[in-house]
Amino acid sequence: MSDEEKLIKIPITQLVKFSDSFAGAEIHLSVAGKFVRLNYATDEFLDILRRLQQKEVEQVYIRQSEVKVIMKEIQESLSARKFYQSKTTVEEKVEVLDESMKTVKNIINQIGVDSETVTLLRLVNVRTMSILQESPGLYAFIKRFKKNCSEEFLRAMLTSYVLALMVDKFPWRSESVKEKGAMASLLCDLLLDKKDFEILRKWEKDGGELPEHIRNHPFEIAEKLRQKRDLIPFETITIIEQHHEMPDGSGFPDGINGGRINQLSAIFIVSQRFIELLCDTNFDYEMRFLIVGRLQKKYQGKSFEKAMEALTSIVR
Ligand SMILES: [Fe+2]
């Protein structure tokens, strides 16, 4: 079977969203380990999908060549003409970006990283950053978008937002540095699913043993991205590798100490942790000073102290 004919798992919601491009596409279901083709060209594509949704089926399989069509559709919906000139609200734009990111995640997990995926990723990143730049402040942003996107995407956006404000406190600040950091926030947990996040959050609170695949996720996603190192900045890959490391060497995957964690990674780690803790309080912004105080105790050492200074000055 050629790559193009391989079957790729896809959420039905995505097919419904882009249904115009898929009339006549083959839909397969996995039943007891075997693929069953559900439709033929004469069948009503959307009817089949809706019936499956009624039976609470969430995923189907389509050919890899059809997945490429979805990617083109998404790219088109993120083109400057469509994204900025249509009458869609900012909330709808965030929804489109969230959906796009879910597709990219799905594709990278099943097919891997190729030039087309990276192009799409960069587009999602640039459009996300433009929305963040227009936002009047962190809390206003949380209030506005909390209900419009998945928690995962919200966390990534908020991390990018805080990171950008922190980077502004350094003499080497630039849009390109912020873009590299924002890209890392979209990509760093690409290999984790909902259950993994729950395990990870429990571990952060209680400690104990972490499953091997969670321990290795920074390293594994960095390895995948390195295959396209000409398209993904090495700073982004370094942040991803280091995003769970701690100044005292108690982090993972390598347990390196603070001296080996560079300034941009330290800023990323602090901004991501700040957002995680804020999220744990269900975004109770009143708790922000308490969170900063807690982080201050944990994140010490040269690059982390500078990162904490920057965080303190932006959290007012
Ligand atoms: Fe992670």
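Note that ligands are numbered from 1 as they come in the structure, with each ligand's atoms numbered from 1 the same way.
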Asker: Using every non-hydrogen atom in the two residues, find where K9 and Q59 come nearest and quote the distance to one decimal.
Answerer: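 That would be CG-OE1, 3.6 Å.
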Asker: Give a yes or no on whether a salt bridge exists between K147 and E95, defined as a side-chain N under 4.0 angstrom from a carboxylate O.
Answerer: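 Result for this pair is no, no salt bridge flagged.
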Asker: Answer yes or no for K93 and F83: cation-pi contact, defined as NZ/CZ to six-membered ring centre under 6.0 Å and angle to ring axis within 45°.
Answerer: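 So K93 does make the cation-pi contact.
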Asker: Could you tell me which N, O or S atom of D189 is nearest to the Fe ion (ligand 1)?
Answerer: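 Looking only at N, O and S atoms of D189, the one nearest the Fe ion (ligand 1) is named OD1.
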Asker: At a threshold of 2.8 Å, where the distance has to be below it, does the Fe ion (ligand 1) have an N, O or S atom of C188 nearby?
Answerer: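 So C188 does not bind the Fe ion (ligand 1) by this criterion.
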Asker: Quick one: angle H217 NE2 - the Fe ion (ligand 1) - H243 NE2, to the nearest 10°?
Answerer: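 For NE2 of H217 and NE2 of H243, the angle centred on the Fe ion (ligand 1) reads 100°.
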Asker: Would you call E309 and K169 a salt bridge, taking side-chain N to carboxylate O under 4.0 Å as the test?
Answerer: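 Salt bridge flag = no for K169 with E309.
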